Amino acid sequence: MSDTRKPYPFDAIEAKWQAFWEANSTFAIPNPGEPGFNPARPKYYVLDMFPYPSGAGLHVGHPEGYTATDIVARYKRALGFNVLHPMGWDAFGLPAEQYAIKTGQHPAITTRENVARFKTQLKKIGFAYDWSREINTTDPGYYKWTQWIFLQIYNAWFDPETRRARPIAELPAESAASADSHRLAYVSEAPVNWCPGLGTVLANEEVIDGKSEVGGFPVVRRPMRQWKLRITAYADRLIEELDGLDWPESIKTLQRNWIGRSEGAEVAFKVAGKEESITVFTTRPDTLFGVTYVVLAPENPLVDLLAAERENVEAYRGRVASKSDLERTDLAKEKSGVFTGAYAVNPVNGDRIPIWVADYVLMGYGAGAIMAVPAHDERDYEFAGKFGLEIRQVVRGPGPDAAECFSGEGVAINSPLIDGLPTAEAKTKITAWLEEHGFGKKTVNYKLRDWLFSRQRYWGEPFPVAWRGERHEALPETELPLTPPELEDFKPTGSGEPPLAKAKEWLRYDEGALRETNTMPQWAGSCWYYLRFCDPQNAKRPAGEEAERYWMGAENGKPGGVDLYIGGTEHAVLHLLYARFWHKVLFDLGHVSKPEPFQKLVNQGIILGEDGQKMSKARGNVVNPDDVIAQYGADSFRLYEMFMGPLEQMKPWSITGVEGVSRFLARVWRLVMEENQEGAWVRSAAVSEAAPGKALLKAAHASIKKVTEDIEALSFNTAIAQMMIFVNALTNAPERPAACLRILLQLLNPFAPHLTEELWAVLGFEGLCADAKWPVCNEDYLVEDEVELVVQVNGKVRERMIVKKDASNAEVENLALETPKVREHLGGKTVRKVIVVPGKLVNIVAG
RNA sequence: GCCGAUGUGGCGAAAUGGCAGACGCAACGGACUUAAAAUCCGUUUUCGCGAAAGCGGAGUGCGGGUUCGAGUCCCGCCAUCGGCACCA
């Protein structure tokens, strides 16, 4: 193909227009107050999840979402919106650092090279980004504000009364002494996910099946002193405020499940013969009369205080501790545990029940202890079966005679205080009883944990914090950005001490204080980048107030600011939850104007290889956008990515599909151009200035209608199909009215911007095609005087007939009954009913 | 195990409860050409009858239901993919 003549000169055209857009800053958009800003226009903020500029370069998955947003951006622009459509780089992160360790090259250098490569690749696809707003999370001018936001979080506490973050200075006097334990950023010494392979700790979210998400190295639990962010304080708001967002329901569900809110009660079980009592969390306080034992998590400190069978218990704890997380989940099928020798007293009936230790109870959830009700909980049932513990039924299910273990809702039995009550009422009543007698209270628990925010890495934002002995203090804002030290050796130390500790000079803050040596996780930079795009050069704030209010504003009281956000499902919980959390803190503190960052979210589907498998180097089925563009051009590439199928669906790549859309674009080209004697492309003689005929006008306006509706619905594949129909109609027409070609070029422009801009110029239309006002459908051209109706007999199509558009139902019915086919099929049957759907069909029911 | 998504020709797919398969790919046939490529035109869900125009039947993962009418709505299954997974 490379040697043969190209079906149209896309290489020359594409380079030409890309250079033009760059030279003229065609897609730059000024901020409110800046020259050229038009306040009369509404705003539209359309955003891609910005990429991590990896060494592998762009793959065909990236441009799928990017093309979708680009089409919307260009379309909204043509409709007269001020469109914010930026791009940047999420450039801190592990791969650059791993690569640096391997090659000895500084991550800043590889990052710069990778960014340059990505940018070149993106520019070759012809995206209408405002490149003057480009940002990079590793740029000190950027991470200065990442650090600044951290300080806002550090200097805030969560007021449970108002459910809002407030400045730490407003902490009530009685709490002021323990201010550090109220901050939204705090230090905790707790078991964390330590990954020796990566030499860093990881967030729960970054650990998959006991292995690191990046690299797949084993992860072990180990206590370390770490920074955490109090995201759990926002758990309820993070759930509730999902309601106002235009997100896929499945993503909302994912987030709700991740937060895992569950209502229940805390119940105190006194330890027999001791002062201590064991607090458990249960969602089924109505089953309290069925409790036959209590279980503590192996890590629960109470175990030390009450274990009578010390030897057995210690041996068991040792076995559990030596298991990695992976083993502990793997071996989950078989329950294990040991009796402590101690007994607890059931507050509702005074029964003495044994206290066990078992690793099916997790220290990190609830109180690290449970009340076991084997008759009504699968796990307790299994455990009781294995160790011969008592099983006592206290709920009768709705069915006939329930199995031995029934965990559903029913009616309380064998429970003096609540006998005969349905589960919901039984819960309420027993909880009230517990509160009254001081044995417990209503509580809410969450699966969500506070966000482990520190990493033992070099290539991340340093914390703007210093340690004066055991006390941490925030650096003053004037010292931001705090840049990392230049290091020759950024390898992990292996001990868990961060690489920054090797920079002895940098480390020393002043005579009495050392700098924090941890760095922030990669999520930090992406938690607020959408704000920076609003005002990327601002030196005084993350984003200027006016710019933030304008771009992040929303109509009709909607909560979110970005009007359309497109990216992959892999960020369904992590990035999207973290960003929402930061945004809410900033909102509470008055730094942003809306409570949610992203009003509408859409996930693009994964593109599979030609073989229907996931693309991977190992399978050798990776498609490189550069190759496709070199062979077919950027317009074909863009168009194919959108023509493959619905945006949100997973779909396989097909090179013959690219050829198909490429042929379509060449047909568009030849509508306007033809080859002369010398083989040069010149304007076609078939292009006419005459008024278009009825059929073409109809095709044109039907296309305006369909393409407009489809872009609004992000249904790009069907929009393209409609344009193909339009082009087929023009191809078959004896002459091609310029008025119709003009409409075609405008509709196609967001999809294939280079080709359409070139043909626009050839046809001599004013200005840029991209600047032309989006066409409006005139419905008058769509109406026909006559319509074809389908005539069915008993639901089967038997005849078609042409009737006047405004024929009455009665007329249509009579006409249908008289057609020969219908008579034939009716035979001697009686017509029982006739349904007429105007303009569509007639169904005659006979029998 | 739980939650969610998907299932339509040889393939990617399309169808406010109203003609299933638009549009594209592939395949086949034709035109143009010395020839090929490119381009243009046509056929293409499937089965039966027919030389043909045509006529008739079946058909949207499987089984039921609602409806004049179901790919679409309801109930019950199956398969594939994604997420969570001892969360008390």
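On a predicted model such as this, the values are computed, not experimentally measured, just so you know. What's counted below: heavy atoms across the whole structure, side chains too, no hydrogens, waters or symmetry copies. Each chain gets a letter, A, B and so on, in the order its sequence line appears, and its residues count up from 1.
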Practice problem: Could you tell me whether A/K386 and A/E334 make a salt bridge, using a distance below 4.0 angstrom between a side-chain N and a carboxylate O? | Solution: yes
Quiz item: Is it the case that A/R580 places NZ or CZ above or below the six-membered ring of A/W258, under 6.0 angstrom from the centre and within 45 degrees of the axis?
Solution: no
Quiz prompt | Pair A/E610 + A/R619, salt bridge at N-O below 4.0 Å | solution = no
Quiz item: Among the nucleotides B/A13, B/C41, B/G24, which one has an atom lying closest to any side-chain atom of A/F643?
Solution: B/G24
Exercise. Considering only atom P, compute the distance from B/U8 to B/C73 and round it to an integer number of Å.
Key: 16 Å
Practice problem: Classify the side chain of A/K335 versus the base of B/C86 as yes if they form a donor-acceptor pair under 3.5 Å and no if they do not. | Solution: yes
Practice problem: Decide yes or no, distance alone: a donor-acceptor N/O pair under 3.5 angstrom between the base of B/C19 and the side-chain of A/R800. | Solution: yes
Quiz item: If the P atom of B/G65 is compared with that of B/A27, how far apart are they to the nearest Å?
Solution: 44 Å
Exercise. Identify which nucleotide among B/C68, B/A88, B/G18 has an atom closest to any side-chain atom of A/I370, counting heavy atoms from C-beta outward.
Key: B/A88
Exercise. Pull up the glycosidic torsion of B/G76 and say syn or anti, syn being anything within 90° of 0.
Key: anti
Quiz prompt | Same-atom distance (C1') from B/C25 to B/C74, integer angstrom | solution = 37 Å
Practice problem: Sticking with atom C1', work out how far B/A14 lies from B/A22, rounded to a whole angstrom. | Solution: 5 Å
Quiz item: Roughly, in whole Å, what's the span from CD in A/Q649 to C1' in B/A13?
Solution: 8 Å
Quiz item: With side chains defined as the heavy atoms from C-beta onward, is the minimum distance between A/L671 and A/T731 less than 4.5 Å?
Solution: yes
Self-check item: Selected nucleotide, minimal atom distance to A/Q792 side chain, candidates B/C41, B/G56, B/G18
Solution: B/G18
Exercise. Could you check how far CG of A/L448 sits from C1' of B/C84, rounded to whole Å?
Key: 14 Å
Quiz prompt | Nucleotide nearest A/V790 (side chain, heavy atoms from C-beta), chosen from B/A88, B/C19, B/C40 | solution = B/C19
Quiz item: Can you check the A/K796 NZ to B/A70 C1' distance for me, whole Å?
Solution: 14 Å
Quiz item: Mind checking the P distance from B/G64 to B/G59? Whole angstroms is fine.
Solution: 12 Å
Practice problem: Report the nucleotide, chosen from B/A14, B/A88, B/G18, that has the shortest atom-to-atom distance to any side-chain atom of A/T283. | Solution: B/A88
Quiz item: Expressed in whole Å, how much space separates the C1' atoms belonging to B/A52 and B/U67?
Solution: 40 Å
Quiz item: Out of B/U39, B/C81, B/G57, which has the shortest distance to the side chain of A/R663?
Solution: B/U39
Quiz item: In whole angstrom, what separates A/Q722's CD from B/A14's P?
Solution: 15 Å
Quiz prompt | First encountered from the 5' end of RNA chain B, between A/T253 and A/V661 | solution = A/T253
Quiz prompt | Side chain of A/R667 (C-beta onward), nearest among B/G24, B/U16, B/C55 | solution = B/G24
Practice problem: Using a heavy-atom cut-off of under 4.0 Å over every strand shown, decide if A/H376 touches base, sugar-phosphate, or nothing. | Solution: nothing
Exercise. Determine the Euclidean distance between corresponding C1' atoms of B/C11 and B/C2; express it in Å to zero decimal places.
Key: 35 Å
Quiz item: Counting side-chain heavy atoms from CB outward, which of B/C23, B/C40, B/G18 is closest to A/L841?
Solution: B/G18
Exercise. For this output row, return yes or no: ring centroids of A/F383 and A/Y360 closer than 6.0 angstrom.
Key: yes
Quiz item: Taking the side chain of A/T282 as its heavy atoms from C-beta onward, which of B/G24, B/C81, B/A88 lies nearest to it?
Solution: B/A88
Quiz item: Quick check, are the ring centers of A/W681 and A/Y8 under 6.0 angstrom apart?
Solution: no
Exercise. Go through B/C84, B/C68, B/G24 for me and flag the one nearest to the A/N843 side chain.
Key: B/C68
Quiz item: Can you tell me how far C1' in B/U16 sits from the matching atom in B/A31, rounded to whole Å?
Solution: 43 Å
Quiz item: Toward the 5' end of RNA chain B, which comes first, A/Y365 or A/G660, by nearest nucleotide?
Solution: A/G660
Quiz prompt | A/D710 CG to B/A22 C1', straight-line distance once rounded to whole Å | solution = 12 Å
